[in-house]
A.B. asks: 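Here it is, the structure in full.
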Amino acid sequence: MTRLLETDRLYMRPFEAADAEGLFELDRNPNVHRYLGNQPVTSLAQCEEIIASIQRQYAAHGIGRFAVLLKDTNTFIGWAGLKFVTEPENHHVDYYDIGYRLQEAHWRKGYASEAALAWRDHAFSVMKVPALYASAHVDNTGSNTILQKIGMVRDGQYEHDGLPCNWYRLTNPYL
């Protein structure tokens with residue numbers, strides 16, 4: 001199994017077709033989608049297409065969201081990683097977005113922060129990305145806290161698909 005990033009408790013690797021069931025468990029939960037427009041998935045086929053789309057991102061941009069697994073049990077708990085965004089969002093295009101999404105049973109255990117820190121460091125040290133960006137619904141306290149914890153700075157608010165979002169950025173300190 002290919003592993004790109006490893007932390008004390010997690011490893012992150014490219015999505016595989018076999019991850020569809022874990023992704024379905026994640027994205028069918030309405031609590032997970034509370035700040036994402038309340039549109040959870042309703043079928044395994046949707047998750048299979050999401051994984052195919054992520055795999056196309058790997059091919060096109062050399063990066064994308066990665067499956068997050070617990071080291072001690074090899075259990076899929078969500079995804080984290082970078083996405084090269086080619087569509088305009090908040091007056092930005094062709095930028096690297098850092099993100100994460102975990103199954104509800106794994107919230108408030110530090111996994112999202114751990115994964116996001118690893119991706120931030122990988123983006124800046126290995127990939128030499130000039131800056132990272134992210135957004136979070138203004139009421140999503142958990143996600144806003146994580147983004148600030150990894151050093152991202154809130155750089156205004158905007159509306160994305162009708163949702164009020166905070167916009168974050170972090171410039172690579174090594175460049």
A.B. asks: Any non-hydrogen side-chain atom of Leu70 less than 4.5 Å from a side-chain atom of His106?
C.D. replies: yes
A.B. asks: Do you know the tightest heavy-atom contact between Leu147 and Ala136?
C.D. replies: CD1-CB, 4.0 Å
A.B. asks: Do you reckon Leu117 sits in the same ILVMFWY cluster as Trp107, going by side-chain contacts under 4.5 Å, direct or chained?
C.D. replies: yes
A.B. asks: Verify, without hydrogens or angle tests, whether Glu104 (side chain) and Asn29 (backbone) share a donor-acceptor contact under 3.5 angstrom.
C.D. replies: no
A.B. asks: Between Arg9 and Asp72, does a side chain to side chain contact (heavy atoms under 4.5 Å, CB included) hold up when you go through it step by step?
C.D. replies: CA-CA 7 Å; Arg9 302 180 296 165; Asp72 59 350; over 6 Å; no
A.B. asks: Sub-3.5 Å donor-acceptor pair from the side chain of Gln46 to the main-chain atoms of Ser43, do we have one?
C.D. replies: yes
A.B. asks: Do Glu25 and Phe76 come close enough that some side-chain heavy atom pair is under 4.5 Å?
C.D. replies: no
A.B. asks: With a 4.5 Å limit on heavy-atom distance, are the side chains of Leu4 and Met12 in contact?
C.D. replies: no
A.B. asks: Under 3.5 Å, side chain of His61 to main-chain N/O of Ile63, donor-acceptor pair present?
C.D. replies: no
A.B. asks: Does Asn144 use its side chain to pair, donor to acceptor, with the backbone of His137 at less than 3.5 Å?
C.D. replies: yes
A.B. asks: Strictly by modelled atom types, are His33 and Asp27 linked by a side-chain donor-acceptor pair under 3.5 Å?
C.D. replies: yes
A.B. asks: Give the intermediate values and the outcome of side chain to side chain contact (heavy atoms under 4.5 Å, CB included) for residues Asp19 and Ile51.
C.D. replies: CA-CA 8 Å; Asp19 295 321; Ile51 290 172; 4.0 Å; yes
A.B. asks: Are Glu49 and Ser53 linked by a side-chain donor-acceptor pair shorter than 3.5 Å?
C.D. replies: no
A.B. asks: Considering residues, nucleotides and ligands other than Lys149, do more than 12 of their heavy atoms fall under 6.0 Å from its NZ?
C.D. replies: no
A.B. asks: Minimum heavy-atom separation for Ser135 and Trp167, please, with both atom names.
C.D. replies: CB-CE3, 4.1 Å
A.B. asks: Could you go step by step and tell me if Val32 and Gln103 meet the side chain to side chain contact (heavy atoms under 4.5 Å, CB included) rule?
C.D. replies: CA-CA 7 Å; Val32 170; Gln103 294 172 342; over 6 Å; no
A.B. asks: Considering non-hydrogen atoms only, spot the tightest contact between Ile146 and Ala112 and give its length.
C.D. replies: CD1-CB, 3.5 Å
A.B. asks: Taking salt bridge (Lys or Arg N to Asp or Glu O under 4.0 Å) as the test, write out the residues that go with Arg169, two or more places apart.
C.D. replies: Asp155
A.B. asks: Heavy atoms only: give me the nearest Arg65-Gly81 pair and the separation to one decimal.
C.D. replies: NH1-O, 2.8 Å
A.B. asks: Tell me every residue that passes side chain to side chain contact (heavy atoms under 4.5 Å, CB included) with Leu44, counting only those two or more places apart in sequence or in another chain.
C.D. replies: Ala20, Glu21, Phe24, Glu48
A.B. asks: Measuring from Arg120:CZ to Ser125:OG, what's the distance to the nearest 0.5 Å?
C.D. replies: 8.5 Å
A.B. asks: Quick check: is Trp79 connected to Tyr35 through a chain of hydrophobic side chains (ILVMFWY, heavy atoms under 4.5 Å apart)?
C.D. replies: no
A.B. asks: The test is side chain to side chain contact (heavy atoms under 4.5 Å, CB included); show your working for Leu170 and Phe124 and say whether it passes.
C.D. replies: CA-CA 10 Å; Leu170 182 60; Phe124 289 160; 3.7 Å; yes
A.B. asks: Please tell me if the side chains of His160 and Asn90 come closer than 4.5 Å, counting only heavy atoms from C-beta onward.
C.D. replies: no
A.B. asks: Quick one: do Tyr174 and Leu5 end up in the same hydrophobic cluster if we chain Ile, Leu, Val, Met, Phe, Trp and Tyr together by side-chain heavy atoms under 4.5 Å apart?
C.D. replies: yes
A.B. asks: To the nearest 0.5 Å, how far apart are CD in Gln148 and OG in Ser143?
C.D. replies: 10.0 Å
A.B. asks: Below 4.5 Å, heavy atoms only, C-beta onward: do Leu69 and Leu10 meet side chain to side chain?
C.D. replies: no
A.B. asks: Pair Trp119, Tyr100 - check ring-ring contact (aromatic ring centres under 6.0 Å, His included), show working.
C.D. replies: CA-CA 10 Å; Trp119 278 104; Tyr100 40 83; over 10 Å; no
A.B. asks: If hydrophobic clusters are built by linking Ile, Leu, Val, Met, Phe, Trp and Tyr wherever their side-chain heavy atoms come under 4.5 Å apart, do Ile98 and Leu175 end up in the same one?
C.D. replies: no
A.B. asks: Using side-chain hydrogen bond (donor to acceptor under 3.5 Å, both in side chains) as the criterion, list what pairs up with Thr141, not counting sequence neighbours.
C.D. replies: none
A.B. asks: Backbone N or O of Phe15 within a donor-acceptor pair of the Tyr58 side chain at under 3.5 Å?
C.D. replies: yes
A.B. asks: Main chain of Gln157, side chain of Asn166: is a donor-acceptor contact present, judged purely on distance under 3.5 Å?
C.D. replies: no
A.B. asks: Can you name the nearest heavy-atom pair linking Cys47 to Val41, along with the distance?
C.D. replies: SG-CG2, 3.8 Å
A.B. asks: Measure the CG-CG distance between Asn38 and Asn31 for me, rounded to the nearest 0.5 Å.
C.D. replies: 9.5 Å
A.B. asks: Please determine which of Tyr158, Tyr96, Tyr95, Phe84 meets the ring pair (Phe, Tyr, Trp, His ring centres under 6.0 Å) test together with Tyr133.
C.D. replies: Tyr95
A.B. asks: What pair of heavy atoms forms the shortest contact from Gln57 to Gly64, and how long is it?
C.D. replies: OE1-CA, 4.0 Å
A.B. asks: Please determine if Lys71 and Glu6 form a salt bridge, counting it only when a charged side-chain N lies under 4.0 Å from a carboxylate O.
C.D. replies: yes
A.B. asks: If Ile, Leu, Val, Met, Phe, Trp and Tyr residues are connected whenever their side-chain heavy atoms lie under 4.5 Å apart, and connections chain through other members, are Leu132 and Met127 in the same group?
C.D. replies: yes
